[in-house]
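Computed from a prediction, not measured in an experiment: that's the story for all the values here.
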Amino acid sequence: MSLAFTGRHGDVEIPWLTYALLRDNVQHHLERDHGAFTLLHRVSEALGEAPVRLPAAQFNRELQTVREQLLELPIEDLAMATRTRALLHLQWPELGDASSQVVGPLRILGQLVIDARTLGDVFDATISELLALNQDAGPEDEVEISDH
């Protein structure tokens with residue numbers, strides 16, 4: 001399963017696990033309040049649902065903030081939310097459980113963390129692709145996300 005992002009400069013497809021872990025790490029390490037990265041969280045609305053459209057310039061600002069504040073953390077700080085872990089193990093978490101914990105470089109993530117030393121090694125390529133997709137986005141530009 002993956003998420004397809006369509007913007008000004010084409011399309012990018014990202015495995016759902018990469019997106020989920022990025023979201024989990026933003027939530028675990030950067031969000032002290034739940035309003036700081038609203039568009040990054042809204043991407044998940046596309047999973048199993050209708051496509052989601054987001055303002056591209058604002059989405060890029062959130063991604064740039066993530067790049068500046070998250071990617072230097074060591075791979076040992078890799079976090080995973082209860083809901084992501086539940087999906088990997090095909091178990092449903094308790095309702096309302098949005099907790100996460102630091103899990104480090106898990107074997108189940110395989111290629112995602114081989115030779116990774118920082119969270120940037122895991123997420124920088126994804127963030128770079130998404131930023132390039134909507135580079136120089138104006139106020140009317142949107143990014144569309146759909147489940148593939």
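Between Ala56 and Ala137, the shortest heavy-atom contact is CB-CB, 3.7 Å. Leu40 and Arg23 make their closest contact through CD2-CA, 4.4 Å (heavy atoms, listed as atom of the first residue, atom of the second, distance). Nearest heavy atom pair, residue His29 against residue Ala79, reads NE2-CB, 4.2 Å. Listed here is the closest heavy atom pair of Leu3 and Asp147: CD2-CA, 4.4 Å. Residues Thr84 and Trp16 come closest through the heavy atom pair CG2-CZ3, 4.4 Å. Closest approach of Val66 to Leu22, counting heavy atoms only: CG1-CD1, 4.0 Å.
We find the CZ-CZ distance between Phe59 and Phe5 to be 5.0 Å, quoted to the nearest 0.5 Å. Atoms CG and CZ, from Leu131 and Arg61 in turn, are 12.0 Å apart once rounded to the nearest 0.5 Å. To the nearest 0.5 Å, atoms OG1 (Thr126) and CG (Leu63) are separated by 10.0 Å. The CG atom of Asp77 lies 10.5 Å from the OG1 atom of Thr118; values are rounded to the nearest 0.5 Å. Between Met80 atom CE and Leu17 atom CG the span is 6.5 Å, to the nearest 0.5 Å. With rounding to the nearest 0.5 Å, the separation of NE2 in His148 from CG in Asp11 is 8.0 Å.
Other residues, nucleotides and ligands contribute only 12 or fewer heavy atoms inside 6.0 Å of the CD atom of Glu72. With a 6.0 Å radius and a threshold of 12 heavy atoms from other residues, nucleotides or ligands, Glu140 has its CD atom at or below the threshold.
Contact annotation: the side chain of Asp141 never approaches that of Asp136 to less than 4.5 Å [non-hydrogen atoms, C-beta and beyond]. In this structure the side chain of Glu144 never reaches within 4.5 angstrom of the side chain of Val52, judged on heavy atoms. Side-chain contact check for Leu30 versus Leu70: some heavy-atom pair is nearer than 4.5 Å. Using a 4.5 Å heavy-atom threshold, the side chains of Leu54 and Arg42 count as touching. Here the side chains of Met1 and Leu47 are in contact, with some heavy-atom distance below 4.5 Å. Looking at heavy atoms from C-beta onward, Pro51 lies out of side-chain contact with Arg53 at the 4.5 angstrom threshold. Residues Leu21 and Val122 fail the side-chain proximity criterion, which asks for heavy atoms closer than 4.5 Å.
A side-chain contact (heavy atoms from CB on, under 4.5 Å) with Ile145 holds for exactly one of Leu39, Val43, Ile14; it is Val43.
Under 3.5 Å, the side chains of His41 and Glu62 contain no donor-acceptor pair of N or O atoms. With hydrogens and angles left out, the side-chain atoms of Glu13 and Ser2 include a donor and acceptor closer than 3.5 Å.
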Checklist entry - For Val143 and Thr6, what are the C-alpha separation, side-chain angles and deciding distance, and is it a side-chain contact (heavy atoms from CB on, under 4.5 Å)? => result CA-CA 6 Å; Val143 58; Thr6 303; 6.0 Å; no
Checklist entry - Does the pair Asp24 and Arg83 meet the rule for a side-chain contact (heavy atoms from CB on, under 4.5 Å), with working shown? => result CA-CA 9 Å; Asp24 293 352; Arg83 64 182 170 243; 4.1 Å; yes
